[in-house]
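Beneath this line is the structure, given in structure tokens, with notes to follow.
Model, not experiment: these values are computed from the prediction. Residue indices begin at 1 and follow the sequence shown. In listed order, ligands and their atoms are each counted from 1.
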Amino acid sequence: MQPNTLSGPSGSPALGVGDLVHTMHPAEVPGALVKPGAEPILRATAIQKFFGLNHVLKGCSMTVYPGETITILGRSGSGKSTFLRCLNFLEEPSAGVVEIHDRRVISNPLAPRSKAVKEDIRNLRLRAGMVFQEFNLFPHLSVIRNLIEAPVHVKHMPVAEATELAESYLEKVGLIEKRNEFPARLSGGQRQRVAIARALTMQPDVLLFDEPTSALDPSLVGEVLKVMESLAHEGRTMIVVTHEMSFAKEAADRVYFMDEGEFVEVGPPEQVLADPHDERTRKFLSRFLNI
Ligand SMILES: Nc1ncnc2c1ncn2[C@@H]1O[C@H](COP(=O)(O)OP(=O)(O)OP(=O)(O)O)[C@@H](O)[C@H]1O
Ligand SMILES: [Mg+2]
């Protein structure tokens, strides 16, 4: 993280860039739930997003530390995907700051993007790998070529090195034998595991998952969750939008409940899921009675 940033470990709001204030929730402050002295790997500060007059994100801040698994819950349309997409500027926030590892981008959608800002956004994207609901594999490329495409063409990694890395991640997701297969000949669960291996091959600092199991046949959900749980347990930093309460319960360090573009409750899963303090969280969770 760069110095002169946004808030002290006390959690008290401090003035940061311009008038953007990075507020920390008590559950994000090192010393209690977070290891004392931990340094964030990702900070989102006061993210706002308008689509026309629709105010979709109303000042969302989040602090994530290396090795943490974060889950974001909330009902449909509350802004979860938009927030995730803002983190790597797939959507440009209307206002706010995103910092990942050593990169910081201050959103300024009205200004033309300078070369330096474009480079910062490119670097931010390299630090945040995204796994989508719909896999987004290239249908005309084999599994292994899907995996090495971006490392070779975006990161300029030598083909042999990218291939070796890709194979190690295919091994990890249990699909090395599908190395030369085409996506159309894989099951949905296998495609999603390939998509996870593809994201890993870019060696991002943070993995972003947007409902990675919701397009799957229920019988295939388990194999994908198993891979994600093993990544969480081996210390990958992950932010996961999901409706899978069992994953949130087993793997999350913190749960963020979003309602109408705001994080209205933040805490460890055993509190947010079992003893929600906010009425909106309670109402949402009442739909998942068997957690
Ligand atoms: N590209 C876009 N253009 C205009 N409006 C958008 C766009 N993307 C999202 N929205 C609007 O922003 C709001 C939040 O959408 P978002 O997709 O972030 O919700 P979500 O919490 O991910 O919902 P779901 O659980 O259904 O995926 C919705 O009102 C949606 O219609
Ligand atoms: Mg969504």
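In this structure, D102 pairs ionically with R127, as a charged nitrogen and a carboxylate oxygen lie closer than 4.0 Å. Taking a cutoff of 4.0 Å between a charged side-chain nitrogen and a carboxylate oxygen, R75 and D259 qualify as a salt bridge. One finds a salt bridge joining E234 and R236 here, because a Lys/Arg side-chain nitrogen approaches an Asp/Glu carboxylate oxygen to under 4.0 Å.
When the heavy atoms of L73, T82, I72 are ranked by distance to atom 18 (O) of ligand 1, first place goes to T82. In this structure, of G52, G77, S214, the residue bringing a heavy atom nearest to atom 20 (P) of ligand 1 is G77.
Heavy-atom separations between K49 and ligand 1 are all 4.0 Å or longer. Residue contacts with ligand 1 include R75, since one or more of its heavy atoms lies under 4.0 Å from the ligand.
Look at S76 and the Mg ion (ligand 2): no N/O/S atom of the residue is under 2.8 Å from the metal.
Residues forming a side-chain contact (heavy atoms from CB on, under 4.5 Å) with V194 (at least two apart in sequence, or on another chain): L137, V143, L147, L175, L186.
For ligand 1, the atoms lying closer than 4.0 Å to a non-hydrogen atom of S78 are 19 (O), 21 (O). Each of the atoms 29 (O) of ligand 1 lies under 4.0 Å from some heavy atom of N54.
Nearest protein heavy-atom contact of atom 11 (C) of ligand 1 is F51 CD1, 3.9 Å.
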